[in-house]
Amino acid sequence: MAGQGLAVPHAEDEEPDAWRALSRFIHRAAAELRLATWLSIWFASTWEQVHADPEQRRLRQILLKILDRLVQRAQADGDLRRDVDAGDLAMMTALLLRPMPGLRTELTQRGVDRYLALMLDGLRAHPDVQRLPDGEVGLADLGGDSV
């Protein structure tokens with residue numbers, strides 16, 4: 001898993017604007033983290049081991065910093081709503097990756113892609129966006145360094 005995590009950062013250099021780079025980053029991260037998410041549910045000790053591993057922590061910090069930078073750039077461009085944080089995106093993606101009990105695997109896989117696209121569309125900035133309730137999730141809440 002450590003080697004896979006570094007494929008995600010290239011989205012920042014491969015897209016013409018911050019919104020597309022952010023979308024690509026989220027899609028790639030979801031694809032790469034899907035198996036890890038399922039394993040952490042099936043085997044509780046897996047998440048504890050990954051979370052405790054210094055190399056995984058270092059990679060997680062790198063990815064969270066890239067995500068934060070992309071969020072800030074997309075917000076500065078006016079493409080991403082201003083009332084979300086990188087931590088919000090990380091949490092939403094993680095929640096989308098969790099399988100629903102009793103649902104067929106292929107349906108869950110299809111659903112992740114569909115709802116990820118829906119989630120990203122809902123994050124787009126537009127004039128009549130409904131303000132989110134307080135309670136944004138920051139990187140520090142996820143065990144990341146505050147950026």
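Everything numeric in this text was worked out from a predicted model, so none of it was measured.
- Between the CG atom in Leu70 and the CD atom in Gln75 there is a gap of 11.0 Å [rounded to 0.5 Å].
- Classification of Glu55 and Arg60 as a salt-bridged pair fails, no side-chain N sitting under 4.0 Å from a carboxylate O.
- Residue Leu89 holds its CG atom at 7.0 Å from CG of Leu120, rounded to the nearest 0.5 Å.
- Arg124 CZ: more than 12 foreign heavy atoms inside a 6.0 Å radius.
- Leu95 and Leu33 end up in different hydrophobic clusters when Ile, Leu, Val, Met, Phe, Trp and Tyr side chains are linked at under 4.5 Å.
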query = So Leu80 and Trp19, side chain to side chain contact (heavy atoms under 4.5 Å, CB included) or not? Walk me through it.
reply = CA-CA 7 Å; Leu80 177 65; Trp19 176 257; 3.7 Å; yes

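- Counting heavy atoms from C-beta outward, Ile26 and Leu22 have side chains that approach closer than 4.5 Å.
- Looking only at side-chain heavy atoms (C-beta outward), Asp85 and Asp68 come within less than 4.5 Å of each other.
- Scanning all heavy atoms of the two residues, the minimum distance from Gly78 to Ala125 falls at O-CB, 3.3 Å.
- Nearest heavy-atom pair across Val71 and Ala86 is CG2-CA, 3.9 Å.
- The line from CZ of Arg69 to CZ of Arg73 is 8.0 Å long, rounded to the nearest 0.5 Å.
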Ignoring hydrogens and angles, write down the donor-acceptor pairs under 3.5 Å from the side chains of residues 112-119, residues two or more places apart or on other chains.
residue: Asp113; atom: OD1; partner: Arg34; partner atom: NH2; Å: 3.0

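- The closest donor-acceptor contact from the side chain of Asp53 to the backbone of Gln56 lies under 3.5 Å.
- Within the model, atoms CG of Asp83 and CG of Leu123 stand 9.0 Å from one another, a figure rounded to the nearest 0.5 Å.
- Interatomic distance, CZ of Phe25 versus CD1 of Ile66, reported as 5.5 Å (0.5 Å rounding).
- The distance from atom CG of Asp79 to atom CG of Asp17, rounded to the nearest 0.5 Å, is 6.0 Å.
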